[in-house]
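Here the structure is a predicted model, which means the values were calculated and not measured. Each ligand, and each atom within it, is numbered from 1 in the order the structure gives.
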Amino acid sequence: MRVALISDVHSNLAALDAVLAAAEAEGAEAVWHMGDLVGYGPQPGAVIARMAEIQARCVLGNHDAAAAGLAGTDEFNGPAGEAARWTARTITAEERALLAALPKVAEDGEYTRVHGSLRDPIWEYLDSVEAATAHFALQGTRFSVFGHTHLPIVIYQQDDHSLAAHRPGDGAGIDIGIPGARVAINPGGAGQPRDGDPRACYALLDTGNLTVRFHRVAYDIAATQELMAAAGLPEPLIRRLARGR
Ligand code: ZN
């Protein structure tokens with residue numbers, strides 16, 4: 001099966017629709033989203049509706065939890081907190097209920113999905129050897145897929161518990177079927193990339209031949225920025241979209 005791995009859409013419908021179109025053209029049959037459907041961006045309701053319409057399998061992110069009233073907004077820095085409060089005010093009761101019902105951790109066969117890490121599912125950044133070691137100690141499946149850092153990466157843990165990581169560029173195809181290795185995959189932040197490339201990102205997982213291909217997709221950044229300005233969302237969040245930071 002071919003699965004589109006998408007994470008951190010952050011209420012950016014133009015970015016989501018761009019990666020969905022690209023993934024469909026590449027033969028994706030399912031969509032897994034690794035958390036943060038909302039937060040930062042201008043279209044929380046439309047993103048929630050699109051993901052429901054395509055029956056994406058989603059897990060809870062920290063911004064989803066804040067919007068649903070399951071977490072406070074104090075944990076976020078100034079502009080992120082402002083956007084989180086705007087999101088919580090803007091979504092409907094039905095949308096809030098959809099977010100609140102998302103699981104923190106989900107398993108599909110050999111794959112575990114989580115937003116942050118298995119040690120701290122919605123808040124921890126899986127961005128250090130220490131965090132990765134703790135994550136793999138809790139990973140009961142051969143593969144996991146995560147988000148939250150907004151950086152595309154593949155991390156391997158070998159039988160002897162040694163770690164290795166790849167930072168895949170646009171178009172890179174990565175073999176995840178290394179004998180004896182467990183693997184954690186982050187497709188990057190679709191709606192708010194932070195690696196300096198402002199294009200949206202996703203990855204296509206082929207569960208048959210155990211490969212993951214990473215992609216960047218151009219989308220109408222200005223359209224999302226205009227909607228953010230019209231909604232009165234903070235200026236630094238509007239600017240960062242164009243920088244990919
Ligand atoms: Zn995020």
Shortest non-hydrogen contact from Ala67 toward Val38: CB-CG2, 3.8 Å
Could you check Phe76 against His63 for ring pair (Phe, Tyr, Trp, His ring centres under 6.0 Å), going step by step and ending with a plain yes or no? CA-CA 9 Å; Phe76 298 95; His63 287 263; 4.4 Å; yes
Assess whether a salt bridge exists between Arg119 and Glu130, defined as any Lys/Arg side-chain N lying under 4.0 Å from an Asp/Glu carboxylate O. yes
Do you see an N/O/S atom of His115, backbone or side chain, under 2.8 Å from the Zn ion (ligand 1)? no
Need the atom name: nearest N/O/S atom of Asp36 to the Zn ion (ligand 1). OD2
Looking only at N, O or S atoms in Asp8, which is nearest to the Zn ion (ligand 1)? OD2
Which hydrophobic side chains are connected to Leu233, either touching it within the sub-4.5 Å cutoff or through other members that do? Tyr40, Trp86, Tyr219, Ile221, Met228, Leu237, Ile238, Leu241
Metal proximity, His10 vs the Zn ion (ligand 1), N/O/S cut-off 2.8 Å: yes
